[in-house]
Amino acid sequence: MSQKTRFVALVAASALALSMGACTSTPAAPGSAPASSGSAALKDCNVGIAMPTRSLERWINDGEQLQKKLKDAGCTVDLQYADNKVDQQISQIQNQIAGGSKILVIAAIDGTALGPVLQEAAKQSAKVIAYDRLINGTPNVDYYATFDNYKVGQLQGNFLKDQLKLDSAKDPINFEPFAGSPDDNNAKFFFSGAWDVLLPYVQKGTLKVISGKSPKSNDEWASIGIQSWLSDKSQAEMDNRLSSFYTGGKKVQAVLSPNDSLAIGIEASLKAAGYKVGTDWPLITGQDGDKANVKAILAGEQSMTVWKDTRKLGERVFTMIQQISKGEKVEVNDEKSYNNGVKVVPSYLLEPEVVVKDTVQSKLIDSGFLKASDVGL
Ligand code: BGC
């Protein structure tokens, strides 16, 4: 936008704001389209976006979608990816603060490592939105926008419970649980949601964790966490469990995978061990709706994914930024669930949903989240 058009847009925006008088914001239901604060160019909108890694499809989409929306609204945007390296993310945020960012949108790599840099942000009066992952141990996080992380796990747990008919199962079912990265605050919520459903069946013996890698309670989840959510690490772990414990013809029948990147590694391991779809392939859960996993769902190698429409998260954060820039009240829908150790962070939770083979077309393709050609349809 040229200086002149920017000026014209600003004048038009101010005139509109004057003619509308004071705005009030009405809370929207989780998952619904955000109440728009108007699309006129935003004043003083200088945003730093810090994303964890380009190695996962979802973060690329998350960052690029939000950047585009903000640029279209006339904001200055600095989008950075940190290759899953905590120090790199900290220095990127430092640069953003030094470069004049007044709003920081951060998907933390390590949710406990950002206290000092956010102290600097507070000195510059920058507002901080925790994106998808909560930032812990600091008062300097203003809002949190995410999907209901506990519900993600519940959907995975209930999926396994229903598919395996755990309430009426006669024979014990061989089952292996995995958890996400120990430094990601979300991983604990995903695991708790699933474990609250599944642990009673492990305790009753309906589910048998042959490897013994079965946390006794939700608090022990990190003992089976896979650092940095890496597919090659989940593959190595599954290789290890299969070769050490699944001997003498024993077969694993169900796997709790908290997300798609871990599911990819687990599926590669099963293939290498000779498991075949249609004969002895186990049930496997996932999360994100990544292209490779949707292909795996269509091929029968993955049973489901918990889909989080990241476009909705982008819209929500964009609305928060508009509200901050305009000095309006920022709309949230949860003020109790996310205590970061210093305070309860006002949050906006969106609804995740299950996608299985039969709903790939109606949910992922028809909504435009993926193209049919992305997944070989
Ligand atoms: C996100 C998931 C993602 C995982 C790995 C989590 O914090 O909520 O959607 O699969 O990180 O990047």
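Atom set for the values below is all heavy atoms of this structure, side chains included, hydrogens, waters and symmetry mates excluded. As the structure lists them, so they are numbered: ligands from 1, and atoms in each ligand from 1.
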(request) For Asp171, enumerate each residue passing the side chain to side chain donor-acceptor pair (under 3.5 Å) test, keeping only those at least two apart in sequence or located in another chain. (result) none

(message) Could you tell me if the side chain of Val47 sits less than 4.5 Å from the side chain of Leu66, heavy atoms only?
(response) no

(message) Among Asp110, Ile109, Asp184, exactly one meets side-chain contact (heavy atoms from CB on, under 4.5 Å) together with Pro52. Which residue is that?
(response) Ile109

(request) Would you tell me whether Asp196 and Tyr150 have side-chain atoms, one donor and one acceptor, within less than 3.5 Å of each other? (result) yes

(request) Collect the protein residues that have a non-hydrogen atom under 4.0 Å from ligand 1 and hand them over in chain and number order. (result) Leu56, Arg58, Trp59, Asp132, Arg133, Asp184, Asn186, Phe190, Trp229, Asn259, Gln287, Asp288, Lys308

(message) Given the ring of Tyr143, does Lys127 sit roughly above its face, with NZ or CZ under 6.0 Å from the centre of the six-membered ring and within 45° of the axis?
(response) no

(message) Using modelled atom types and a 3.5 Å cut-off, is there a donor and acceptor pairing between side-chain atoms of Ser347 and backbone atoms of Val345?
(response) yes

